[in-house]
Amino acid sequence: MRDNEFNWFRGFLEKKSGIIITSEKKYLIQSRLKPLLRTHAIADLNTLVSRIKRSESSPLANEAVDAMTTNETLFFRDQYPYEALETLIFPELTHGINASKSVRIWSGAASRGQEPYSIAIAASESIPQANKRVKVLGTDLSVEAIAYAKKGEYSQMEVQRGMPVKRLVRFFEHNDKEKVWKVSPDIKSMVQFQNGNLTDDNIVMQARRSGPFDVVFLRNVLIYFTPDERKNVVDRIARTMNKGGYLITGAAEIPTGNHAKWEQVLFKGKRLWKLI
Ligand SMILES: C[S@@+](CC[C@H](N)C(=O)[O-])C[C@H]1O[C@@H](n2cnc3c(N)ncnc32)[C@H](O)[C@@H]1O
């Protein structure tokens, strides 16, 4: 891949997704984009880049951005966010002085759906009539990941990563013919999926249609952005939340916003963030 094409693609990726690839990581872009050559019968990476240049919003361009995102995820990842929902956040939202009738939660980097479905499962275990009162929105930049999440079907390997057997048999149905575990209709009805780009201002309007949110999961995604972009993303999120709402980031991710103020709440030694 020529330097010109490499640098153009890095800029394009940053503009489209906020994802930063440093100049020494040409190998990363090359290895992630190469599979697209075969599927689209394109001769080489330079030709691929020139086709993306011609139409930056084409399906090919989206696929190239998708190929650069890391969709790594699992059910009940890190456990503590879900324990915090069940023992701290849900009781506060449903029994406190400010008891609200419905609970709205947004998973802003939902990947293939494991995170929002885990949230819905945690909610139905601790909130009476959760299927009527709790709404979960899952958004992600990746078109492929959201299409997958919408199906709500997971392989044995995928459910083995994080889903306890008790929850598996209660909240999934096994389809013997297709050899997949299907999320139960009750859980599925609580979760809605859409494509959404956290680095685009439009995400605020888009998410607000399903909000305002009491809880936002923004886990293992801030790491991809520059410090400035991180601040912008966190501020956009704050604009979709209720005061007193919780932001749950990845364990090492600290929200710094230009405008929003966050109070740190320690839960079992892990940081959660409350909008004040
Ligand atoms: C490592 S996964 C994390 C998934 C899940 N939150 C978790 O912690 O398991 C990161 C996700 O962020 C998404 N992503 C990257 N840039 C994004 C952006 N600008 N807007 C929305 N999602 C983005 C990727 O497509 C990917 O699915």
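Every number for a ligand or one of its atoms is a count from 1 in the order of the listing. Because the structure is predicted, anything quoted here is derived from the model rather than measured.
Among the atoms of L198, some N or O lies under 3.5 angstrom from an N or O of ligand 1. Backbone and side-chain nitrogen or oxygen atoms of S17 are examined, and one is located within less than 3.5 angstrom of a nitrogen or oxygen of ligand 1. Checked by distance only, ligand 1 and A109 come closer than 3.5 Å through their nitrogen or oxygen atoms.
At a 4.0 Å heavy-atom cut-off, ligand 1 touches N197 through backbone and side chain alike. Contacts with ligand 1 closer than 4.0 Å are made by heavy atoms of both the backbone and the side chain of R219. If you look at Y224 next to ligand 1, the close heavy atoms, those under 4.0 Å, all belong to the side chain.
Between R219 and the options T249, D78, T73, a side-chain hydrogen bond (donor to acceptor under 3.5 Å, both in side chains) holds for only D78.
Counting the atoms of ligand 1 from 1 in the order shown, those under 4.0 Å from a heavy atom of R77 are 7 (C), 8 (O), 9 (O). In summary, the atoms of ligand 1 found under 4.0 Å from a heavy atom of V221, numbered by their order in the structure, are 12 (O), 14 (N), 15 (C), 23 (C). Proximity to T69 (heavy-atom distance under 4.0 Å) selects the following atoms of ligand 1: 24 (C), 25 (O).
Counting only residues at least two apart or in different chains, salt bridge (charged side-chain N to carboxylate O under 4.0 Å, His left out) contacts with residues 185-211 comprise D201-R236.
Judged by the 6.0 Å and 45° rule, K270 forms a cation-pi pair with Y80. Stacking of R77 on the aromatic ring of F217 is not recorded, the 6.0 Å distance cut-off and the 45° axial limit not both being met.
Protein heavy atom closest to atom 22 (N) of ligand 1, with residue, atom name and distance, is L141 N, 3.3 Å.
Under 4.0 Å is where a charged nitrogen must lie from a carboxylate oxygen, and between K26 and D3 at least one such pair does.
Here the side chains of I121 and Y82 are not in contact, with every heavy-atom distance at 4.5 Å or above.
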